[in-house]
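To start, the structure itself, in C-alpha cells.
Naming: A, B, ... by sequence-line order, numbering from 1 per chain. Note that the structure is a prediction, hence the values are computed from the model and not measured.
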Protein chains: 2
Amino acid sequence: MVSFFLRNKLVIVYGLSMAILLFLLKWLELRFMIINHSMEIYIGAIAVIFMGIGIWVALKLARPKKETVVIEKEVFVTQSAEFVFDEKELNRLAISKRELEVLQLMSKGLSNQEIAEALFVSLNTIKTHSSNLFIKLDVKRRTQAVEKAKQLKIIA
Amino acid sequence: MVSFFLRNKLVIVYGLSMAILLFLLKWLELRFMIINHSMEIYIGAIAVIFMGIGIWVALKLARPKKETVVIEKEVFVTQSAEFVFDEKELNRLAISKRELEVLQLMSKGLSNQEIAEALFVSLNTIKTHSSNLFIKLDVKRRTQAVEKAKQLKIIA
DNA sequence: CTCAGAATCATACTTAAGTATGAAGAAAAA
DNA sequence: TTTTTCTTCATACTTAAGTATGATTCTGAG
C-alpha cells in the first residue's frame, strides 16, 4: 500500500496538480466569461503555466546522471641504486671509527704517509690501524682490504 | 555570427516554436469561436500541448554532466648501475691486452708474485707491466691504478 | 673509582712494491 | 724486407708496506 504510493509518487502528485489546475481553469473561465475582451490573456496564461509545469516535471523525471570517467596515469619515478652503507656488517667485524676512516682514505689510493698527514697522526699509527684492519677483514694487503670492504658495503 | 547561432540555438528554436504555436492558437481560436460549445476541449488541448513542449525543452536542457577524475599511479623504476666496458677509453690510454690482464688481477687483490703465477710469467714481467700501467694511468701505486681504472670503466 | 677498549706512538725488522736500465724474441705494420 | 710495437726477462737499487713487540694516554661503562 505504502510502496504503491512511493513508486507512483510522481504520477499521483501530477494527477492532483492537474485536478487543481482544471478546477482553477473552470473558475477563471467563468470569470473571463463575464469580462469577454481578455480572452487572449487568459489563453496565454494557460499556455505559460502548463509549459512551466511541463518543464518542472521533466526536470524531476530526467535526473542528471553524473558520469565519472576515471583515467589512470602512470608516472615513472627513477630510483637510483645508490650505495647503502651496511652498518650491521661494520659492527659484526668490530671495526672502529678511526679504522674506518683509515680504510676509506686507503680506498681512495692514499699512501700510509698521506693518510697520516690527512688525519694528523704519525705513520706508525696508520700502520697499526692498517694491521688491525687486515686482521679483522682477514686479508693480506691493502688491495684485498679495499676490494673486500666494497663487497661488504662498508665503504662506497 | 555563426557562433551566435550555435550558442543560442535552443533559444532561437524555442522562440520560433512559440511563434508558430501562437499562430496556431489564433487560428484555432477563430475556429472555436464558430463552434462555441467546445470551449473546454480547446483550452484542454492548449494545456496538454504546452506541457508537452515544456517537457521537451527541459529534457534538452538537462544534459548529464561528465566528471573526469585523474588518478596518478607512481611506478618505481630501479636504475641498475651495471658495468659497461669502455673500450674507447682503453684505446685512448693505449693499454695492451696483457697489461689489462695484469690490471684485472691486481684489482682482485693478487700480489705481483701471485699474478706472475696466474699468467705463467716471471715476477719481473709483472713489475714491467705494472710500471707501464702506472705511467699510462698517471698514478703512483696499485691502489690508485685500480681505483682509476674502475672510474674509467676499463675494469669491473 | 676501576677496568677494558680505543687511539696513539715508538723501535726493529722483513717483505713486497716500485724504479731504472738494458736485452732478446715474436708479431704486426709500413 | 725493415721497422715498430708488444711481450718477456734480467740486474741493481730504493721506497713503501707490512709484521712483531711494547708502552702510554684517553674515554666510556660498570
### Task
Could you tell me the separation between the CG atom of Leu93(A) and the C1' atom of dG5(C), rounded to a whole number of Å?
17 Å

### Query
Salt bridge between Glu114(B) and Lys108(B), side-chain N to carboxylate O under 4.0 Å?
no

### Query
Which heavy atom of Met106(B) sits nearest a heavy atom of Thr143(A), and at what distance?
O-CB, 4.2 Å

### Message
Can you measure Asn124(A) atom CG to dT24(D) atom P for me and round it to whole angstrom units?
### Response
16 Å

### Task
Return the value, rounded to whole Å, for the distance between atom CD1 of Ile126(A) and atom P of dA7(C).
11 Å

### Message
If you compare all heavy atoms of Ile154(A) against all heavy atoms of Phe85(A), which two are closest, and at what distance to 0.1 Å?
### Response
O-CE1, 3.5 Å

### Query
Starting at CD1 of Ile115(A) and ending at P of dT8(C), how long is that distance when rounded to a whole Å?
13 Å

### Task
Mind calculating the distance between CD1 (Ile95(B)) and P (dT7(D)) to the nearest angstrom?
12 Å

### Task
Any chance you could measure Leu133(B), atom CG, to Leu93(B), atom CG, to the nearest 0.5 Å?
9.5 Å

#### Entry: Separation of Arg142(A) CZ from Ile115(A) CD1 (nearest 0.5 Å)
5.5 Å

### Query
dA10(C) phosphate, OP1 or OP2: any side-chain N/O from Ser122(A) under 4.0 angstrom?
yes

### Query
For dT8(C), does either OP1 or OP2 sit under 4.0 Å from a side-chain N or O belonging to His129(A)?
yes

#### Entry: Ala94(B) vs Val121(B), nearer the 5' end of DNA chain D by closest nucleotide
Ala94(B)

### Query
Can any side-chain N or O of Ser131(A) pair as donor or acceptor with the backbone N or O of Thr128(A) at less than 3.5 Å?
no

### Task
Quickly work out the Lys97(B) NZ to dT7(D) C1' distance and round it to whole Å.
13 Å

### Task
Provide, to the nearest angstrom, the distance between the CD atom belonging to Glu117(A) and the C1' atom belonging to dA16(D).
14 Å

At a cut-off of 3.5 Å, list every protein nitrogen or oxygen paired with a nitrogen or oxygen from nucleotides 17-23 of chain D, distance to 0.1 Å.
from, atom 1, to, atom 2, distance (Å)
dA17(D), OP2, Asn112(A), N, 3.3
dG18(D), OP1, Arg142(A), N, 2.9
dG18(D), OP2, Arg142(A), NH1, 2.7
dG18(D), N7, Lys127(A), NZ, 3.4
dG18(D), O6, Lys127(A), NZ, 2.9

### Summary
Taken to the nearest 0.5 Å, the spacing of Leu110(A) CG from Lys140(B) NZ works out to 10.5 Å

### Summary
The bend of the helix from dC1(C)-dG30(D) to dA30(C)-dT1(D), taken between the axes of its five terminal pairs at each end and rounded to 10°, is 60°

### Task
Output yes when Arg98(A) and Glu101(A) qualify as a salt bridge under the 4.0 Å nitrogen-oxygen rule, no when they do not.
yes

#### Entry: Whole-Å distance separating the CD atom of Glu101(B) from the P atom of dT7(D)
9 Å

### Query
Which heavy atom in Val121(A) sits nearest to a heavy atom in Ile126(A), and how many Å separate them?
CG2-CD1, 3.7 Å

